[in-house]
Student: 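First the structure, which I've put down as structure tokens, then a few questions once you've had a look.
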Amino acid sequence: MLSEPRSGRLAAWGNALLAGLVSPDDAALAIVGEDTVHRVEGLPGESAQVGLTLALGRLRTLGATGLRVALPAPGHPLGLSGPPEFNARALEAEEAVVCHGAAFGLVPQVYEAGPEGDVHAEVVWQVLPVREAPPADVPSLGEAERELAEALREATEVLSKLDVAGSGPVAEAAIDAYRARAEQGREVLAPGYPSRAVRVLELAQRIALLVSLAYGNGHGGAVSSSEMAARAEALRPVERTARRAQVAAYNSIVEERERGAR
């Protein structure tokens, strides 16, 4: 995974904005990233799409004190709390943002626009009602960090046996690109996040990259159907662990506030 999910950017910089640590314009710029524009649709009190700054301000007036990330996959409603309609939309998008303090969630719809060779992404966030309940299967930062260390060891061992980890020029180019970005000092999370969350997210992204490369490198040394099945079986829990850790990192600032309020 060479870039963070859009829900991660929205939650991280939205949390920084809600905490008064960044300006609305800086938050919106960071959330949009390399996309062309982000709009929000279905916001209470608005009949048309609105911009990010207005939407985040409106969600705050509606009671939102924080934003959480959900990264669901089939059979794994990670970060979701219902209702079924919202869960289904989030599962289709493979990500969502859930407000803390207000019963709303946001699901991105991504549209490609522009001529061939200059295609860009435009994003519309759909605001939908959610159930106010604890998110599903989200670990603490400490749990996530321990699980990641174990997952990395297991993945390295199994994929090395299958001769698919980091093999081939495509994989090498992707890893080089990842390292180059890391060396440029990119801001992994927005202001206000604990250093442990940054560490967990970086490791989760590295493991997710390893998994995606292993899936994308063709057969590698796994030439039989049984070996391909073994690869999938080995990668499934590793990929799940990486997703759980990413959600834990993005949500950590909200969890810390909750613990402090108890």
Side-chain angles (χ1 to χ4, degrees), residues 3-46 49-72 78-81 86 89-90 93-110 121-130 132 134-135 138 141 186-194 197-198 200-201 204-205 243 246-261:
S3 62
E4 63 271 286
R6 290 181 172 89
S7 56
R9 294 203 305 267
L10 176 57
W13 288 91
N15 283 327
L17 175 62
L18 291 172
L21 299 175
V22 297
S23 71
D25 288 344
D26 286 345
L29 186 63
I31 292 167
V32 171
E34 296 179 358
D35 299 330
T36 301
V37 66
H38 283 216
R39 307 286 289 175
V40 181
E41 186 173 79
L43 193 67
E46 298 292 337
Q49 294 179 0
V50 301
L52 282 171
T53 53
L54 191 155
L56 289 169
R58 179 64 54 78
L59 289 172
R60 175 160 43 190
T61 64
L62 291 169
T65 58
L67 302 174
R68 288 187 171 109
V69 170
L71 296 178
L78 176 62
L80 298 176
S81 58
F86 179 77
R89 294 283 291 274
E94 299 183 339
E95 61 177 315
V97 171
V98 179
C99 296
H100 176 65
F104 300 105
L106 299 91
V107 178
Q109 290 185 316
V110 183
E122 299 177 359
V123 181
V124 176
W125 293 90
Q126 299 287 333
V127 179
L128 300 165
V130 299
E132 293 187 276
V138 179
L141 271 180
R186 68 184 178 93
E187 196 158 13
V188 178
L189 282 170
Y193 275 85
V198 175
V200 167
L201 183 58
Q205 289 177 341
R243 280 191 300 109
Q246 288 183 74
V247 171
Y250 286 121
N251 296 2
S252 60
I253 196 168
V254 178
E255 307 305 333
E256 281 197 348
R257 290 174 192 162
E258 273 197 307
R259 285 195 298 272

Student: I need the minimum non-hydrogen distance between Leu106 and Cys99, along with the two atoms involved.
Tutor: CD1-SG, 4.1 Å
Student: Run Leu56 and Ile31 through side-chain contact (heavy atoms from CB on, under 4.5 Å) and show every step you take.
Tutor: CA-CA 11 Å; Leu56 289 169; Ile31 292 167; 4.1 Å; yes
Student: Restricting to salt bridge (Lys or Arg N to Asp or Glu O under 4.0 Å), what partner residues turn up for Glu46, sequence neighbours left out?
Tutor: Arg58
Student: Taking atom types as modelled and ignoring hydrogens, do the side chains of Tyr250 and Asn15 form a donor-acceptor contact shorter than 3.5 angstrom?
Tutor: no
Student: Sort and list the pairs that fulfil salt bridge (charged side-chain N to carboxylate O under 4.0 Å, His left out) and have at least one residue in residues 12-32, not counting sequence neighbours.
Tutor: none
Student: Counting neighbours of CD on Glu94 that are heavy atoms of other residues, nucleotides or ligands and sit closer than 6.0 Å, is the number greater than 12?
Tutor: no
Student: Got a sec, which residues hit side chain to side chain contact (heavy atoms under 4.5 Å, CB included) with Ala93, two or more places apart in sequence or on another chain?
Tutor: Val107, Pro108
Student: Holding to salt bridge (Lys or Arg N to Asp or Glu O under 4.0 Å), I want the full list of residues that pass it with Arg68, two or more places apart in sequence or in another chain.
Tutor: Glu255, Glu258
Student: So how far is it from Leu141 CG to Asn251 CG, rounded to the nearest 0.5 Å?
Tutor: 9.5 Å
Student: Drop me the distance from His38's NE2 to Arg9's CZ, to the nearest 0.5 angstrom.
Tutor: 5.5 Å
Student: Quick check against the 3.5 Å criterion: does Thr65 have a side-chain atom that pairs as donor or acceptor with the backbone of His100?
Tutor: yes
Student: Looking only at non-hydrogen atoms, find the nearest pair between Leu67 and Val254 and report the distance.
Tutor: O-CG2, 3.5 Å
Student: How close do Thr36 and Glu122 get, heavy atom to heavy atom, and via which atoms?
Tutor: CB-CG, 4.3 Å
Student: What residue among Val22, Leu17, Ile253 forms side chain to side chain contact (heavy atoms under 4.5 Å, CB included) with Pro191?
Tutor: Val22
Student: Write down the atom of Tyr193, the atom of Ala249, and the distance for their closest heavy-atom approach.
Tutor: CE2-O, 3.4 Å
Student: For residues Phe86 and Pro129, determine if any side-chain heavy atom of one lies less than 4.5 Å from a side-chain heavy atom of the other.
Tutor: no
Student: Using every non-hydrogen atom in the two residues, find where Val130 and Phe104 come nearest and quote the distance to one decimal.
Tutor: CG2-N, 3.4 Å
Student: What do the steps show when you test Val69 against Val138 for side-chain contact (heavy atoms from CB on, under 4.5 Å), and what is the final call?
Tutor: CA-CA 10 Å; Val69 170; Val138 179; over 6 Å; no
Student: If only atom types and distance count, is the side chain of Gln49 paired as donor or acceptor with the main-chain N or O of Arg39 below 3.5 Å?
Tutor: no
Student: Could you list the residues that satisfy side chain to side chain donor-acceptor pair (under 3.5 Å) with Arg6, not counting sequence neighbours?
Tutor: Asp35
Student: Looking at residues at least two apart in the chain, or sitting in another chain, which of them share a side chain to side chain donor-acceptor pair (under 3.5 Å) with Gln109?
Tutor: Tyr111, Gln126
Student: With the side chain counted from C-beta on, respond yes when Pro44 and Leu62 share a heavy-atom pair under 4.5 Å apart, and no when they do not.
Tutor: yes
Student: List the steps and the verdict of side-chain contact (heavy atoms from CB on, under 4.5 Å) for Leu18 and Leu59.
Tutor: CA-CA 10 Å; Leu18 291 172; Leu59 289 172; over 6 Å; no
Student: If you take all heavy atoms of Val124 and Glu41, which pair is closest and at what distance?
Tutor: CG1-CB, 3.8 Å
